[in-house]
Amino acid sequence: DQQFLSTPNSIRCIVAALKQWECNDGIHFSIVGIGDPASVNPADNLSVIKYDNKLIFPVLQQTTPGPALCNGVYYQEHFTIGVNPDATIGWYFDPDGTVAHSSGTDFYQAMLHELGHAQLLLHVNDNTDMMYYAAPTGSRMTLLSANDVRGADAMATFSKTKSYSGCTTTTLTTSNP
């Protein structure tokens with residue numbers, strides 16, 4: 001989304017969150033461009049991260065899967081991560097923990113969480129996991145827990161057990177199998 005260009009650290013947060021997931025579970029998402037999400041052709045099966053004016057506070061971000069069916073198996077063909085642009089959220093964009101902040105909502109942490117959903121992870125009840133259902137208050141969570149990584153690994157392993165022959169997709173594969 002071009003609105004991210006007005007806040008360069010937002011792009012840095014997205015890239016850092018993608019890299020953290022890749023370093024921990026080997027799933028590689030590529031950034032192919034920054035532009036107008038409305039110009040993405042759904043047939044291209046590209047995932048999109050965009051500002052979404054339809055999200056109403058207290059929803060900060062939302063990941064929407066793009067499911068497809070092949071050989072009787074549903075898989076995630078692409079996803080959309082919507083970011084609530086509401087100014088009252090007070091996003092701060094700090095990809096490396098160097099910006100002092102006393103209030104607001106951590107965009108980097110929220111991206112780590114939403115990218116977990118992009119890997120088909122659901123919410124959990126352990127507040128020490130990135131996939132906890134609520135943003136932690138009073139502290140910044142910037143590392144994936146062992147449970148987060150095990151969950152992503154399990155989803156990648158599960159996807160490899162299904163037959164996608166004749167489909168236009170591949171499994172959720174790791175760059176270091």
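With contacts defined as side-chain heavy-atom distances shorter than 4.5 Å, the pair Arg12/Asp96 qualifies. At least one side-chain heavy atom of Gln20 sits less than 4.5 Å from a side-chain heavy atom of Leu143. Inter-residue side-chain proximity for Tyr133 and Asn125 is flagged as met; some heavy-atom pair is nearer than 4.5 Å. For the pair Thr7 and Phe107, the minimum side-chain heavy-atom distance is 4.5 Å or more. Inter-residue side-chain proximity for Tyr92 and Asn9 is flagged as unmet; no heavy-atom pair is nearer than 4.5 Å. Residues Val83 and Glu114 have side chains not in contact (no heavy-atom distance under 4.5 Å, counting atoms from C-beta outward). Looking only at side-chain heavy atoms (C-beta outward), Asn147 and Val124 stay at 4.5 Å or farther from each other. Looking at heavy atoms from C-beta onward, Asp94 lies out of side-chain contact with Asp106 at the 4.5 angstrom threshold.
With sequence neighbours excluded, no residue forms a salt bridge (charged side-chain N to carboxylate O under 4.0 Å, His left out) with Asp148. Contacts of Asp86 classified as salt bridge (charged side-chain N to carboxylate O under 4.0 Å, His left out), with partners at least two apart in sequence or in another chain: none. Applying the salt bridge (charged side-chain N to carboxylate O under 4.0 Å, His left out) criterion to Arg150, with sequence neighbours excluded, gives no partner residue.
Put simply, the side chain of Ser145 never gets that close to the backbone of Asp129: no donor and acceptor are under 3.5 Å apart. Looking only at distances, no side-chain donor or acceptor of Asn24 sits under 3.5 Å from a matching main-chain atom of Val149. Put simply, the side chain of Thr105 gets close to the backbone of Ile89: a donor and an acceptor are under 3.5 Å apart.
The line from CE of Met130 to CD of Gln109 is 5.5 Å long, rounded to the nearest 0.5 Å. Atom CE of Met155 is separated from atom CG of Leu120 by 4.5 Å, given to the nearest 0.5 angstrom.
In this structure, Cys13 and Tyr108 approach most closely via the heavy-atom pair O-CD1, 3.5 Å. Residue Met111 comes nearest to Ile49 through the heavy atom pair CE-CD1, 3.6 Å, listed as atom of the first residue, atom of the second, then distance. Nearest heavy-atom pair across Pro85 and Asp52 is CD-O, 3.4 Å. Taking all atoms of both residues into account, the shortest heavy-atom contact from Leu115 to Ala17 is CD1-CB, 3.7 Å. Across all their heavy atoms, Trp21 and Leu112 have their closest contact at NE1-O, 2.9 Å. When all heavy atoms are compared, the tightest approach of Thr63 to Ala118 is CG2-N, 4.0 Å.
The hydrophobic cluster containing Tyr51 does not contain Leu55, counting ILVMFWY residues as joined when their side-chain heavy atoms lie under 4.5 angstrom apart, directly or transitively. Linking ILVMFWY residues whenever their side-chain heavy atoms come closer than 4.5 Å, directly or via other members, places Val15 and Phe93 in the same cluster. Neither Ile81 nor Ile56 shares a network with the other; the hydrophobic side chains, linked directly or stepwise wherever heavy atoms of I, L, V, M, F, W or Y lie under 4.5 Å apart, form separate groups for each.
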